[in-house]
There are 2 protein chains.
Amino acid sequence: MDTLSLGTLGQHLQALRLERGWSLSQLAAAAGIAKSNLSRLEQGNGNPTLDTIWRLAVQLGVPFGTLVAPISVPLGEHGVEVRLIDQGKESPQVDAYWMRCAPHTLRHAEPHTPGARESLTLISGRLEAGPEDDLHELRPGDSLTFAADRPHRYRTDNAWATLLLTIVYTHEGDAP
Amino acid sequence: MDTLSLGTLGQHLQALRLERGWSLSQLAAAAGIAKSNLSRLEQGNGNPTLDTIWRLAVQLGVPFGTLVAPISVPLGEHGVEVRLIDQGKESPQVDAYWMRCAPHTLRHAEPHTPGARESLTLISGRLEAGPEDDLHELRPGDSLTFAADRPHRYRTDNAWATLLLTIVYTHEGDAP
DNA sequence: TCGAAGTGTTCCTTTTAACGAACGTTCTAT
DNA sequence: ATAGAACGTTCGTTAAAAGGAACACTTCGA
């Protein structure tokens, strides 16, 4: 199970601060927290409050999870990490995912509901994806749309792959 | 400036717990925290520790930022909220954003670097978007790709719009 | 009908994160 | 050289988060 790495936060915090050329005192003052507090956090000790993390994230201009999440570690089960970004509640329903595959990963996906279509956009790396009988090689920036009501797969070679994935659940009776 | 909405965390926490059909006592026990603690958090009071948030996020199986980020609240300046999802570091560079526009919003976007292309996928709502002289009406599930090195715009009528947005910075000298 | 086991809440206590002042350094300018 | 101002650290105090027990309540089975 994942455990909280106290040191990670400190490293990220300091790295982000130095990237911006700020001193510890400056950042603490701007965020409205005591510099003793920030000092302790950067050293990897301590267990900051949500309020403290929030203030720091706002000042550093990072989306919050960035401060804590170990960037380089794949959290997924079998070399694949999937994160739900958003989920439409209208018709047709649209699910948006962020996905990351480790090198030499082969992921089979079961058919979705009839009429469902899937779109991929590769952000970085290389990826081979599509229906079993119609695979395509993607490079960063490339997009691919295919019918997702058939078995399909995602495969990486010797590189990581990061991509956006949207599934549109077009119902059978929908107007064209 | 963004301020910490204490109530938001509580709502999300409770919503996620109920989605899974768990009781407050169960979740608290599984996460290894006192149920009095969890109870207070769900009520919107309190300022949890990173350790506490972490344990809850792991148990609920959500990527951490989900607990805190206000889903339904437009934090953006002028009715537009934009969130960076990911940023490729290879060539061509790819930026992925999640974006949400309030009703009756008109957003002009300046031209990006030459050769840049932008792709939209509407998750929910209605949106009119594209280059100034070639606007398109999008419905959920629709996608649109256009050259982003010209002025373009996004406009909503009387509905919200949630979408994915990717910008591909294809350099001039890139191979086809 | 009456426990027994669950729910979520409200206290009080203990622990500890955040604060603020003092500290030793380093660097600059007078 | 030397006073000044910055840096990041360490320390004792204070505010508050987390823990734990009791609480009133509902649900279920004997």
Side-chain angles (χ1 to χ4, degrees), chain A residues 1-70, chain B residues 1-70:
Chain A
M1 168 177 144
D2 291 337
T3 181
L4 178 64
S5 168
L6 28 83
T8 306
L9 173 70
Q11 293 169 18
H12 284 210
L13 222 41
Q14 192 172 50
L16 289 168
R17 174 170 67 81
L18 295 177
E19 276 178 17
R20 287 157 182 74
W22 295 348
S23 74
L24 188 148
S25 310
Q26 283 178 318
L27 176 56
I33 66 173
K35 60 178 182 177
S36 58
N37 190 9
L38 179 54
S39 173
R40 188 163 34 80
L41 291 180
E42 285 195 356
Q43 292 171 35
N45 312 324
N47 179 16
T49 288
L50 178 58
D51 178 74
T52 297
I53 310 174
W54 184 272
R55 288 163 179 259
L56 289 172
V58 168
Q59 283 302 317
L60 292 168
V62 296
F64 186 95
T66 305
L67 283 182
V68 188
Chain B
M1 168 178 145
D2 289 337
T3 182
L4 177 65
S5 167
L6 30 81
T8 306
L9 173 69
Q11 294 169 18
H12 284 213
L13 221 41
Q14 192 172 51
L16 289 167
R17 174 172 67 80
L18 294 178
E19 277 178 17
R20 287 157 181 72
W22 296 348
S23 74
L24 188 149
S25 311
Q26 283 177 317
L27 176 56
I33 66 174
K35 59 178 183 175
S36 59
N37 191 9
L38 179 55
S39 173
R40 190 162 30 81
L41 292 180
E42 286 195 356
Q43 291 172 36
N45 312 323
N47 178 17
T49 289
L50 178 58
D51 177 72
T52 297
I53 310 174
W54 183 273
R55 288 164 179 259
L56 289 172
V58 168
Q59 283 302 318
L60 291 169
V62 295
F64 187 93
T66 305
L67 283 183
V68 189

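Protein chains get the first letters and strands the later ones, always in sequence-line order, with residue 1 at the start of each. Just so you know, these numbers use all the heavy atoms, side chains as well, and skip hydrogens, waters and symmetry mates.
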To the nearest Å, how far apart are Q26(A) CD and dA6(D) P?
-> 10 Å
Atom CG of L27(A) and atom C1' of dG8(D): how far apart are they, to the nearest Å?
-> 13 Å
dist Q26(A):CD -> K35(A):NZ (nearest 0.5 Å) comes out at 11.5 Å
Phosphate OP1/OP2 of dA18(D): any R55(B) side-chain N/O under 4.0 Å = no
Hey, does the side chain of R55(A) reach the backbone of I33(A) with a donor-acceptor pair shorter than 3.5 angstrom?
-> no
R17(A) and E42(A), any side-chain heavy atoms less than 4.5 Å apart | yes
Hits for salt bridge (Lys or Arg N to Asp or Glu O under 4.0 Å) against R40(A), two or more places apart or cross-chain, chain-then-number order -> none
With a 4.5 Å limit on heavy-atom distance, are the side chains of L56(B) and L16(B) in contact?
-> no
Relative orientation of the end axes in the helix from dT7(C)-dA24(D) to dT30(C)-dA1(D), expressed as an angle to the nearest 10° (five pairs per end) = 30°
Student check: side-chain heavy atoms of L38(B) and L13(B) closer than 4.5 Å = yes
Give a yes/no answer on whether the side chain of Q43(A) brings an N or O atom under 4.0 Å of OP1 or OP2 in dT10(D).
-> yes
Classify the nucleic acid contact of Q14(B) as base, sugar-phosphate or nothing, counting any heavy atom under 4.0 Å across all strands shown.
-> nothing
Please give, in whole Å, the distance from dT9(C) P to E42(B) CD?
-> 7 Å
Specify the separation, in whole Å, of atom CG of L24(A) and atom C1' of dT25(C).
-> 15 Å
Set of residues satisfying side chain to side chain donor-acceptor pair (under 3.5 Å) with respect to S36(B), sequence neighbours excluded | none
Under 4.0 Å between a side-chain N/O of S23(A) and OP1 or OP2 of dC7(D), yes or no?
-> yes
Nucleotides 13-22 of chain C: protein proximity per nucleotide (B base, S sugar-phosphate only, - neither; heavy atom, under 4.0 Å) = ----SBBB--
T49(A): partners by side-chain contact (heavy atoms from CB on, under 4.5 Å), with sequence neighbours left out = D51(A), T52(A), N47(B)
Is there a side-chain polar atom (N or O) of S39(B) under 4.0 Å from OP1 or OP2 of dG8(C)?
-> no
Give a yes or no answer on whether the side chain of R20(B) reaches the backbone of L60(B) with a donor-acceptor pair at less than 3.5 Å.
-> yes
